[in-house]
There are 2 protein chains.
Amino acid sequence: MDWNLIRTFLAVVDEGSLSGASEKLGISQPTVGRHINELESSLGLTLFVRGRSGMALSEAGLRLIDDARAMAREAEKFALKAAGSSDNIKGNIRITASEVVSAYLLPPILCQLQSAEPDIEIELVANNHADNLLSRDADIAIRMFRPTQNDLITRKVNELSVATHASRKYLDNFGHPKTIADLSNHRLIGYDRDDLILRSMTALGIEGSREMFAFRTDNHLIYWQLLKAGAGIGFCANHLAKELGDIEPLLPELQIPNLPMWLTTHQELRTNLRIRRCMDFLGEALGKMHL
Amino acid sequence: MDWNLIRTFLAVVDEGSLSGASEKLGISQPTVGRHINELESSLGLTLFVRGRSGMALSEAGLRLIDDARAMAREAEKFALKAAGSSDNIKGNIRITASEVVSAYLLPPILCQLQSAEPDIEIELVANNHADNLLSRDADIAIRMFRPTQNDLITRKVNELSVATHASRKYLDNFGHPKTIADLSNHRLIGYDRDDLILRSMTALGIEGSREMFAFRTDNHLIYWQLLKAGAGIGFCANHLAKELGDIEPLLPELQIPNLPMWLTTHQELRTNLRIRRCMDFLGEALGKMHL
DNA sequence: CATAATGTGTTCATTTTTGAATATTAAATG
DNA sequence: CATTTAATATTCAAAAATGAACACATTATG
């Protein structure tokens, strides 16, 4: 029994198609198809119904996915522990962070890291969703929330101070809000599906809903472009506001709680020299920033 | 990451050498060596110390075997469940039983099974140690003790009546024991490392040790040859004594408990049509024998 | 200390697996 | 109903993995 066929099987289940799985696995679509055929004939089972759009699991296939997944979990554990045992400084390391952090905080720090550890190749994965450190989407994650998965080592390295901001252009056009209550007469910029702002407001005792925002976007870059262009009042990290220019802080009495910045890696990787060096360096560098 | 490399890794650990693993896996020794090299270089670890006699696990390798084993367990579960889903009557089936049962009870029954189910190929694995139905050493086991592994379906199909026997030749030479106490003045034939006889005797309230046997062997065929040749007094299933001829039952007052005969398969396989048919047939055929 | 036994490493021809290109199919769409 | 789209199957040349044979190393053993 070829264990790799089970891995391919699982990828096809997860992606829903041979072509999707081929991309995920980094092998060609014909090969994925052949793997599935081989698995089916070696088990004497029909695992998929070759249907209208892609591959749908058959009943027999359905019965097997839990075991296949369990096997994949153990494979992940194996790979993690193996990576943790490596004391080789040479190699690459994957760091993940939100788009904002990746774009505005990390570049200079990673340059210094590069100089300090020339043997380490650094991959930066910028995205806003929580990734799975267990399946090694990344080795190190920098997030604005404390990761909840088990077996992780988390360390709070800094805090981002946030305040209400608007561009001078907006303030010239629509006036300066004097009180928090004033905000309801202004145009606000918010997130669309991300409920970070709404949750923060609820925590501050201010009720609100998605509809209160005149502009909504989940793309932070566009958010600031809207802010800069004078589309409305929004929330922005203070260090970023300085960098963007043209934007003024408002309502100092609206104390928005700082956003914590967490540096995270998997427990198994703490013994990996390369990752330990990077963790220490990033913790030091991020920690001494004035945000 | 190639999952098959982990399977090879585990085989080398279990067998202690590349050549041993190659035999176990049914691949050539150079291939096993290449797999290990590839795994080591892809993990950046030295898993084995290539030593004087075979491959000894390194510290890093030692840390990984538990996870590798866990993965193998899940692979077994997957394969079991897959086999259980098969409703294909064509195919082969592995039956395991003790050498005695394999040699004296099963042949005629398996011939009938062959006629009744011509599409099923039957493999008979004769050995005296408990095999691992979980790892599919066999699909169906016939044992004289109730298997203890979990997730097995066990069914008691018959009992073997056993009595003390000796050949006429022995009785002519050494006389007929009249009472149980008399036995201590006779030559007894016993097992060597197998303690079945001793345990049975303890259960009957008779104390004894290996040393009380004038002849000791674990090979049942040789046991009976000794019995037939008049080497001593021994224990023998009644149906077998008739078949062997020349052997007489002794001491009817020494009531030896019957040996139960258990028919066993793995729970996951109960839904496999082929195995279900064989189980039913064997249960019926073994059950109606007069033993 | 030669020899047998046992194990790993190497070479090369063969077999197997793979991927690029392409054909094919079926549903969705205008 | 033709067209687009998104998927699976097929073909064939190239790449990779494999095994047989053999070289080499080490340990028992007489």
Side-chain angles (χ1 to χ4, degrees), chain A residues 1-62 64-65 68 71-72 75 78-79 82, chain B residues 1-62 64-65 68 71-72 75 79:
Chain A
M1 151 122 281
D2 185 335
W3 285 8
N4 284 333
L5 301 185
I6 302 177
R7 174 148 108 304
T8 303
F9 166 68
L10 203 50
V12 174
V13 172
D14 286 341
E15 300 297 315
S17 73
L18 298 183
S19 25
S22 82
E23 204 166 329
K24 176 174 182 175
L25 294 170
I27 57 180
S28 72
Q29 169 264 318
T31 298
V32 175
R34 283 186 282 241
H35 281 184
I36 297 300
N37 288 339
E38 197 187 328
L39 185 62
E40 287 188 329
S41 69
S42 84
L43 298 178
L45 291 174
T46 304
L47 298 173
F48 293 97
V49 184
R50 275 85 170 155
R52 10 208 155 288
S53 54
M55 314 275 281
L57 264 177
S58 74
E59 206 181 318
L62 212 57
L64 292 175
I65 52 171
M71 194 173 165
F78 179 95
Chain B
M1 151 121 279
D2 185 333
W3 284 8
N4 285 333
L5 300 184
I6 302 177
R7 174 148 106 306
T8 303
F9 166 67
L10 203 50
V12 174
V13 172
D14 287 341
E15 300 297 314
S17 73
L18 298 185
S19 25
S22 83
E23 202 168 330
K24 176 175 184 174
L25 294 170
I27 57 181
S28 72
Q29 169 265 319
T31 298
V32 175
R34 283 186 282 243
H35 281 183
I36 297 300
N37 288 340
E38 196 187 329
L39 185 63
E40 287 189 329
S41 69
S42 84
L43 298 178
L45 291 174
T46 303
L47 297 173
F48 293 97
V49 184
R50 275 88 172 152
R52 8 209 152 288
S53 56
M55 314 274 282
L57 263 177
S58 74
E59 204 180 319
L62 212 59
L64 292 175
I65 53 171
M71 194 172 165

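Sequence lines set the chain letters: A, B, ... in the order given, protein chains first and strands last, and positions in each chain run from 1. Both backbone and side-chain heavy atoms feed into the values below; hydrogens, waters and symmetry mates do not.
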Polar pair under 3.5 Å, donor/acceptor by atom type, side chain B:Arg34, base C:dG9: no
Donor-acceptor pair under 3.5 Å, A:Gln29 side chain vs C:dG19 base: no
Rounded to whole Å, how long is the line connecting atom [atom1] of [X] with atom [atom2] of [N]?
X: B:Ile36; N: C:dG7; atom1: CD1; atom2: C1'; value: 15 Å
X: A:Leu25; N: C:dT17; atom1: CG; atom2: P; value: 17 Å
X: A:Asn4; N: D:dA17; atom1: CG; atom2: P; value: 11 Å
X: A:Glu15; N: D:dA6; atom1: CD; atom2: P; value: 16 Å
X: B:Glu40; N: C:dT8; atom1: CD; atom2: P; value: 13 Å
X: A:Leu18; N: C:dT25; atom1: CG; atom2: C1'; value: 14 Å
X: B:Glu23; N: C:dG7; atom1: CD; atom2: P; value: 10 Å
X: B:Ile27; N: C:dT16; atom1: CD1; atom2: P; value: 15 Å

A:Ser28 or B:Asn37, whichever maps to the more 5' nucleotide of DNA chain C: B:Asn37
Under 3.5 Å: donor-acceptor pair, side chain of A:Thr8, backbone of A:His35: no
Exam field: side chain A:Glu40 to backbone A:Leu47, donor-acceptor pair closer than 3.5 Å: yes
Any donor-acceptor N or O pair under 3.5 Å, side chains A:Asn4, A:Arg7: yes
Closest to side chain of A:Met55, choosing from D:dT8, C:dG9, C:dA21: D:dT8
Below 4.0 Å: OP1/OP2 of [N] and any side-chain N or O of [X]:
X: A:Ser19; N: D:dT8; value: yes
X: A:Thr31; N: C:dT17; value: no
X: B:His35; N: D:dA17; value: no

Atom pair CG (B:Asp2) and CD (B:Glu38), whose distance is rounded to the nearest 0.5 Å: 6.0 Å
Position toward the 5' end of DNA chain D (nearest nucleotide), B:Glu38 or B:Pro30: B:Glu38
Exercise: identify the closest heavy-atom pair between B:Met1 and B:Ser42: CE-OG, 4.4 Å
